[in-house]
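Following: one structure in structure tokens, then a few remarks.
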Amino acid sequence: MSYMNSVTIIGFVGADPEQRQAKGNGSKFTVLSVATQRSWKNSDDEWVSKTEWHRVSIFRPRLAEYVLESIKKGAHLLVEGSLVSSTYERPNGKGKKVAADKITSWTIRADVVRKLDRGESEQQSSTPANDASAESNNASY
């Protein structure tokens with residue numbers, strides 16, 4: 001039997017990406033939030049939609065740098081990666097010895113980030129730096 005942890009989402013960036021630094025080893029990584037939306041008809045035959053927010057972490061140095069420099073709020077993205085959970089206990093804050101709240105959050109560890117925006121005009125030039133950046137729209141460093 002085999003197992004697979006693979007996630008693909010297509011959505012819009014909610015805020016400009018941020019660079020963070022890991023507490024343990026000091027390595028830098030980039031985080032961003034991506035909104036996805038699903039729609040369906042309810043029992044009254046009315047369209048209903050729900051927006052889900054996904055936290056995306058990028059640890060690959062070149063991909064993290066690309067996302068930090070070229071992805072902005074509102075960008076349409078495809079993100080591929082794996083799902084990672086984090087669990088911590090939050091004390092109830094009431095001073096009583098009662099079980100703490102256990103909180104689990106999910107993050108997507110991105111391996112591929114691809115810009116899907118079609119309307120943006122990028123300057124075309126024959127310099128190697130611009131050729132590399134044009135090819136990086138399909139970044140999977």
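In this structure, L116 CG and I10 CD1 are separated by 6.0 Å, a value rounded to the nearest 0.5 Å. In this structure, Q19 CD and E69 CD are separated by 9.5 Å, a value rounded to the nearest 0.5 Å. To the nearest 0.5 Å, atoms NZ (K50) and CD (Q37) are separated by 11.0 Å.
Considering only heavy atoms from C-beta on, T51 stays 4.5 Å or farther from T36 through its side chain. Using a 4.5 Å heavy-atom threshold, the side chains of W40 and E46 count as separate. By the 4.5 Å heavy-atom criterion applied to side chains, R109 and S57 are not counted as neighbours. Between L78 and I9, the closest side-chain pair of non-hydrogen atoms is not below 4.5 Å. Contact check for V31 versus I58: no side-chain heavy atoms found under the 4.5 Å cut-off.
Every residue two or more places apart in sequence or in another chain that forms a side chain to side chain contact (heavy atoms under 4.5 Å, CB included) with L83 is listed here: N5, V7, W106, I108.
In this structure, N42 contributes its side chain and D44 its backbone to a donor-acceptor pair below 3.5 Å.
Geometrically, R55 does not engage W53 in a cation-pi contact defined by less than 6.0 Å to the ring centre and at most 45° from the axis.
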Practice prompt. Run the numbers on D111 and E80 for side-chain contact (heavy atoms from CB on, under 4.5 Å), then give the verdict.
Written response: CA-CA 6 Å; D111 296 319; E80 294 177 353; 5.7 Å; no
Fill in: Chi angles and distances behind the side-chain contact (heavy atoms from CB on, under 4.5 Å) call for L77, V113
CA-CA 7 Å; L77 293 183; V113 174; 4.1 Å; yes
Item to complete: Please test K72 against V13 for side-chain contact (heavy atoms from CB on, under 4.5 Å), starting from the C-alpha separation and ending with a verdict.
Response: CA-CA 7 Å; K72 301 295 178 212; V13 178; over 6 Å; no
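Between T104 and S85, the side chains place no donor N or O within less than 3.5 Å of an acceptor N or O (distance only, hydrogens not considered).
Under the 4.5 Å side-chain contact rule for hydrophobic residues, L63 and I71 share a cluster.
The side-chain contact (heavy atoms from CB on, under 4.5 Å) with L32 is formed by just one residue from the set V56, L68, V79; it is V56.
Residue pairs meeting the side chain to side chain donor-acceptor pair (under 3.5 Å) criterion with at least one member in residues 20-34, sequence neighbours excluded: E18-R20, N25-S27.
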